[in-house]
Amino acid sequence: MAVKVVQRPQLTFWEKLYIPQILCGLRITFRHFFRNLFLHIAHRFGRKTDVRAGVTYQYPEELRPLFSRLRTRHRLMVRGNGAPRCVGCMLCETVCPAKCITIVPAEHPDPDVEKFPVRFDINLGVCVYCGYCVEVCPEDAIRMDTGILDIAATSREAMKLDLHELMNPELRKPVAACGLDFPHQCGVHGGELRGSWEETLAALTHPE
Amino acid sequence: MIEALLIKLVIAAVVFGGVLNLAGLHTWVERKQSALIQDRIGANRAPIFGFKLLGLFHAVADAIKMFTKEDVVPRGVDRTLHALAPFFSVFFALVAFAAIPFGPQLVLGERVIDLQVAKIDAALLYIFAMLSLGVYGVILAGFASRNNYAIMGSIRATAQMISYEIALGIALIGVLMVYGTMDLGKAVEAQGHTIAGGWIPLWGIVAQPVGFVVFLTAALAETKRLPFDLPEGESEIIGYFVEYSGMKFGMFFLTDFLETILVACLATTLFFGGWQVPYLQPDGFHFPWGAELPLANWIYVLLGVTSFTIKVLAFCFVFMQIRWTLPRFRYDQLMDLGWKGLFPIAVVNVLVTAVVMILLGGGA
Ligand code: SF4
Ligand code: SF4
């Protein structure tokens with residue numbers, strides 16, 4: 001077995017003196033400082049605008065280009081007739097490691113389509129953005145390609161996306177009216193999407 | 001009598017107002033300077049009426065935030081000490097400024113005004129005493145928090161501050177020997193002399209270069225800023241103020257900046273001629289090539305105060321630059337540097353100074 005002798009770098013006398021090395025470090029930081037200071041001032045006067053003074057992005061105003069495979073906020077694909085493409089197979093709910101998808105499927109009036117989701121909620125506060133739901137879907141009904149990164153809300157409730165928000169990423173809660181024209185039965189609360197899905201399920205399975 | 005009191009009050013207001021504002025400004029400088037060093041932009045929001053002023057209002061936002069934040073006092077702490085610790089820290093850092101002379105004597109008619117809040121004969125000792133008392137704030141904070149991590153942090157901090165205070169004190173003995181006085185005002189006046197045919201002003205840095213380096217290092221350690229920020233360790237090590245929040249935490253934060261400014265003031269006063277301007281004598285400029293430019297007293301004073309301010313700001317800038325350049329020391333390295341590095345160097349410096357002064361025949 002060959003023995004490998006690792007040569008540890010030894011500090012030279014010059015380096016052990018600390019102070020010359022500190023000055024070397026200061027030279028680097030001073031160089032950056034004055035270079036960027038000069039560039040910032042030059043930018044103010046509209047000069048040298050092709051050289052960036054900072055490597056950072058001014059986020060809300062200046063968006064970074066996103067890689068096309070980046071997993072961002074979910075969306076549900078929509079059929080030509082405005083109905084969700086999802087067939088309520090529950091695969092994504094089953095595979096989700098964070099258990100943050102909740103689907104209530106119902107029988108579709110169209111005999112060609114077996115089921116459809118009455119409710120489809122994703123709790124983004126819990127989601128780990130693993131993308132398994134996208135991988136597993138047999139219908140390519142759920143995707144994570146909206147490019148929406150600023151998923152933030154002031155309450156946990158607002159982090160839960162419902163069917164409307166998932167089908168149209170532009171929408172944000174509260175969704176005033178249910179505008180879906182497929183047989184979507186979210187009108188159990190008088191046209192309003194509210195309450196827990198258990199309530200909805202109960203209302204659907206045991207209609208009074 | 002009343003007049004003298006009023007004058008003192010005005011001077012005190014100017015000094016403490018200036019110092020506190022400078023400390024507030026430091027938060028902005030810290031953000032912007034680190035940003036420029038690290039190729040970032042830095043704080044540039046917090047607009048007031050649409051004016052951003054390069055993010056200057058972040059300091060105001062900070063202050064408002066600190067004051068309105070919830071002040072959490074953990075259960076079971078000694079409430080009195082817990083509340084007192086930050087006050088001690090800020091108080092001792094602030095009162096030390098009283099002995100710093102920030103300008104030459106101003107002559108107004110009959111009256112001669114010292115631009116110094118308190119004219120103390122042993123000003124240097126006074127400042128040292130205040131710096132040492134600052135340790136109380138640190139140790140009380142750890143002790144009153146009823147938190148083992150906090151008390152470990154405060155013990156670390158105390159050990160560091162006490163170790164470096166010794167090197168700091170011995171480094172200054174050399175300066176004391178050269179000037180022969182503890183009165184900072186007199187020490188600054190003594191730096192008005194020139195050597196080398198009047199070309200080089202005899203500032204402390206010329207007379208005591210080694211003392212200056214030791215002083216600067218020890219003083220940086222004393223202020224608990226990087227590379228000596230083991231007591232705090234903003235993100236990794238739990239420091240002595242872990243149980244503080246709101247403005248009480250803000251006061252520890254403020255103390256840091258105040259101490260940095262204090263050290264900058266001390267370095268200026270002792271090693272960079274205080275309010276002295278090169279070639280400027282009380283009656284005007286005397287250039288070594290023979291030219292002269294007589295000046296009125298108030299212009300002389302104005303130039304002196306400006307020179308002092310610029311030097312202090314420059315020191316603050318350099319300290320900030322050092323803070324963002326050097327990584328933190330390990331604790332054993334810190335103690336090594338203090339006891340095996342700075343301490344012997346400072347002692348040797350004192351010896352060499354003594355020998356040189358006897359050889360030159362000028363000293364005691
Ligand atoms: S990305 Fe992962 S965690 Fe999020 S909903 Fe899909 S399967 Fe669940
Ligand atoms: S896997 Fe696809 S089709 Fe199945 S329930 Fe989820 S989104 Fe709908």
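Since this is a predicted model, take the numbers as computed values, not measurements. When reading the values below, keep in mind they use all heavy atoms of this one structure, side chains included, and skip hydrogens, waters and symmetry mates. Each chain gets a letter, A, B and so on, in the order its sequence line appears, and its residues count up from 1.
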**Asked** With under 30° as parallel and over 60° as perpendicular, where do the rings of B:Phe329 and A:Tyr18 fit, or are they tilted in between?
**Response** perpendicular
**Asked** A:Phe38 and A:Phe33: aromatic ring centres closer than 6.0 Å?
**Response** no
**Item:** Residues, nucleotides or ligands: over 12 heavy atoms within 6.0 Å of A:Phe34 CZ
**Value:** yes
**Message:** My understanding is that only one of A:Leu124, A:Ile101, A:Asp145, A:Ile151 makes a side chain to side chain contact (heavy atoms under 4.5 Å, CB included) with A:His74; could you say which?
**Reply:** A:Leu124
**Prompt:** Is chain B contacted by the side chain of A:Arg31, its backbone, both, or neither, given a heavy-atom distance below 4.5 Å?
**Reply:** neither
**Message:** Taking side chain as everything from C-beta outward and backbone as N, CA, C, O, which of these in B:Leu337 sits under 4.5 Å from a heavy atom of chain A? Side chain, backbone, both or neither.
**Reply:** side chain
**Complete:** Under 4.5 Å to a heavy atom of chain B? For A:Ile19 that would be side chain
**Request:** Name the orientation class of the two ring planes belonging to B:Phe253 and B:Phe257 (parallel below 30°, tilted from 30 to 60°, perpendicular beyond 60°).
**Result:** perpendicular
**Fill in**
Scanning both residues in full, the closest heavy-atom pair of B:Ala171 with B:Val214 reads CB-CG1, 3.7 Å
**Message:** Is B:Leu216 close to chain A through its backbone or its side chain, or both, or neither, when contacts mean heavy atoms under 4.5 Å?
**Reply:** neither
**Message:** For B:Leu326, which atoms come within 4.5 Å of any heavy atom of chain A: side chain, backbone, both, or neither?
**Reply:** side chain
**Message:** Among B:Arg40, B:Gln321, B:Gln38, which residue has the highest count of heavy-atom pairs closer than 4.5 Å to chain A?
**Reply:** B:Gln321
**Message:** Please classify the contact between A:Arg44 and chain B as side chain, backbone, both or neither, with a heavy-atom cut-off of under 4.5 Å.
**Reply:** side chain
